[in-house]
Amino acid sequence: MEKISQVLHDDFIGKSVAVRGWVYRIRTSKKLAFIIIRDSTGIIQAVANSERLSEKIFSDLSSLKVESSLSIEGIVRKDERSVAGYEIDIVSAHVFQNNDKFPISRDLGEEFLLDNRHLWLRSREMTAVTKIRSTIFKAFSDFYYSRGFYQVQPPLMVSTATEGGSTLFKVPFFGDEVNLTQSSQFYLETFIFSLENVFTISPSFRAEKSRTWRHLTEYWHAEAECAWIGNEEMMNIEEDMIRYIVEKVLESNIPELKELGRDIEALRKATAPFPRIRYEKLIEMANSFGLDLKYGDDLGADEERKIMVHFDTPIFVTHFPRELKTFYHMPDPGNPNVILCHDLLAPEGYGEIVGGGERIWDLQTLEQRMKEYNLNPEEYYWYLDLRRYGSVPHSGFGMGLDRVALWIMHLDTITNAIPYPRTVRRTKP
RNA sequence: GCCGUUGUAGCUUAGCUGGUAGAGCACUCGGCUGUUAACCGAGCGGUCGUCGGUUCGAAUCCGACCAGCGGCGCCA
């Protein structure tokens with residue numbers, strides 16, 4: 001039994017092969033049936049010729065419908081007339097299931113395809129998306145393993161908030177209540193005292209009623225935390241990591257990128273060095289692009305889009321004003337009104353994909369900041385304990401892998417970048 | 001939380017100023033072809049989101065309700 005992509009080579013010409021898969025397209029006539037068969041590796045055209053097959057087999061094959069499953073044996077021929085350039089003359093066939101009409105045909109609406117995502121998953125587009133995601137997820141882990149990081153598994157059910165309490169999902173818990181995690185950062189920080197450098201890929205949940213092209217309520221959060229390093233060094237590592245992911249996709253997924261119509265040269269440009277721009281400089285720059293921002297304004301989706309069409313690579317934006325970020329960020333010793341943090345904005349208008357920076361590691365400063373944010377120190381006793389026993393400078397980041405996938409594939413909405421999107425209005429299929 | 005929009009066959013849709021519905025895809029049958037999202041002919045398939053109102057007459061106008069979609073904010 002061969003995989004279809006294997007068969008698409010001159011080595012197989014004239015040889016007998018067996019492939020199995022699903023009917024991708026079928027066209028029939030009295031004497032011939034053209035069946036395009038799909039498996040996980042690709043598509044190939046097979047021809048059933050009534051003169052060479054028994055009447056039974058020919059009529060069985062002719063009556064197949066899209067997505068029927070079968071296996072065939074036949075002789076490979078090079079043929080310009082076939083979609084993939086090669087063709088199999090069917091000698092024998094076995095039909096596993098000749099199904100009823102497949103619900104998905106052409107000219108379909110976005111909503112219908114989302115309702116039928118379990119079936120649409122078989123489409124060439126979704127196959128390309130899921131293959132590229134696989135590369136991205138693997139590349140992320142591989143990168144950190146190669147740097148000597150440990151992968152850790154934080155809890156998903158938690159009793160404390162990381163960002164704001166209003167966006168937490170509450171889940172019943174033995175008569176009590178627990179939250180679904182929004183970020184594993186605090187737990188990752190607990191690991192650095194034994195492992196120093198750690199990462200995780202785990203889901204995060206946000207109960208924000210966001211209805212935008214780049215928000216999911218359940219998304220794949222890639223996070224890392226490193227002992228002994230500061231904001232600058234953290235950015236160096238992230239830059240290498242992003243570049244590694246893009247390179248791996250370019251190495252492994254050119255056919256899939258083409259399938260999605262991705263401008264591959266534009267993606268290749270993203271592997272150049274990433275500019276680092278201080279927040280206040282970025283405001284000036286944005287205004288020179290025609291925006292109207294003042295110091296202290298946060299960057300909205302429109303602003304990020306308008307800024308990022310001017311860059312080929314992602315850019316780091318650093319030194320945000322304190323008020324724009326949450327409590328655990330380290331103030332800049334040179335200017336305590338700004339913090340040692342960074343956002344990474346993806347090019348081609350995609351905007352924020354990473355948020356990170358140096359963490360406050362001094363107990364007093366952290367306690368004071370928590371007071372300013374009205375957080376109860378008792379709930380965070382374990383987080384504060386980290387600053388009591390052998391505290392060290394450290395930095396980390398969180399990256400939305402689905403957003404990275406969205407940008408790398410140049411799709412128009414995040415729901416197309418994940419197989420089963422969970423949004424404020426969708427939990428099916 | 002705010003703003004905007006849509007609801008007509010399984011799916012994608014046409015239907016302007018009111019005269020009780022047309023098409024493409026899918027499916028079935030037939031024809032034809034080395035076909036490429038094939039093509040040609042026929043068939044199947046719709047109480048036009050729901051309820052109420054105006055009218056001789058409502059998919060079309062009005063009202064209420066229901067459901068869906070898009071964008072912003074929030075963030076990754």
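Reminder, nothing fancy here: chain letters follow the sequence lines and each chain counts from 1. Please read these numbers as outputs of a predicted model, since none were measured by experiment.
In this structure, Tyr383(A) and Phe327(A) have perpendicular ring planes: the angle between them is above 60°, well past the 30° mark.
Here the separation of C29(B) from C51(B), taken at their C1' atoms, is 42 Å to the nearest Å. Using C1' as the reference atom, C48(B) and G1(B) are 35 Å apart when rounded to the nearest Å.
Between Asp39(A) and Arg20(A) there is no salt bridge, since none of the side-chain N atoms of the basic residue sits less than 4.0 Å from a carboxylate O of the acidic one.
At the heavy-atom level, Val354(A) lies under 4.0 Å from the strands shown only through sugar-phosphate atoms. Among the protein residues, Ile104(A) comes within range of no part of the nucleic acid, since none of its heavy atoms lies under 4.0 Å from any strand. If you check every strand for non-hydrogen atoms under 4.0 Å, Trp213(A) touches sugar and phosphate atoms only. Residue Arg124(A) is out of contact with every strand shown, counting any heavy-atom pair closer than 4.0 Å. Across all strands shown, Ser204(A) has no heavy atoms under 4.0 Å from either base or sugar-phosphate atoms. Here Asp343(A) lies out of heavy-atom contact (under 4.0 Å) with every strand. Residue contacts shown for Ala33(A) are absent, as no nucleic acid heavy atom lies under 4.0 Å away.
The stretch residues 45-61 of chain A touches RNA chain B through Gln45(A), Val47(A), each having a heavy atom under 4.0 angstrom from the strand.
For U28(B), one of the phosphate oxygens OP1 or OP2 lies less than 4.0 angstrom from a side-chain nitrogen or oxygen of Lys65(A).
Atom CZ in Phe112(A) sits about 13 Å away from atom P in A9(B), given to the nearest Å. The CD1-C1' distance, from Ile43(A) to U35(B), rounds to 14 Å in whole Å.
Under a cutoff of 6.0 Å and an axis angle of 45°, Arg422(A) and Phe205(A) do not form a cation-pi pair.
For RNA chain B, runs of at least 3 consecutive pairs of the Watson-Crick or G-U wobble type, with both hydrogen-bonding distances under 3.5 angstrom, map to B:1-7 with B:66-72, B:10-13 with B:22-25, B:27-31 with B:39-43, B:49-53 with B:61-65.
Formation of a donor-acceptor pair under 3.5 Å by the Asp402(A) side chain with backbone atoms of Leu216(A) is not found in this model.
Side-chain to base pairing of Arg214(A) with C74(B): no donor and acceptor N or O lie closer than 3.5 Å to each other. In the interface, the side chain of Ser210(A) is paired with the base of C74(B) through a donor and an acceptor atom under 3.5 Å apart.
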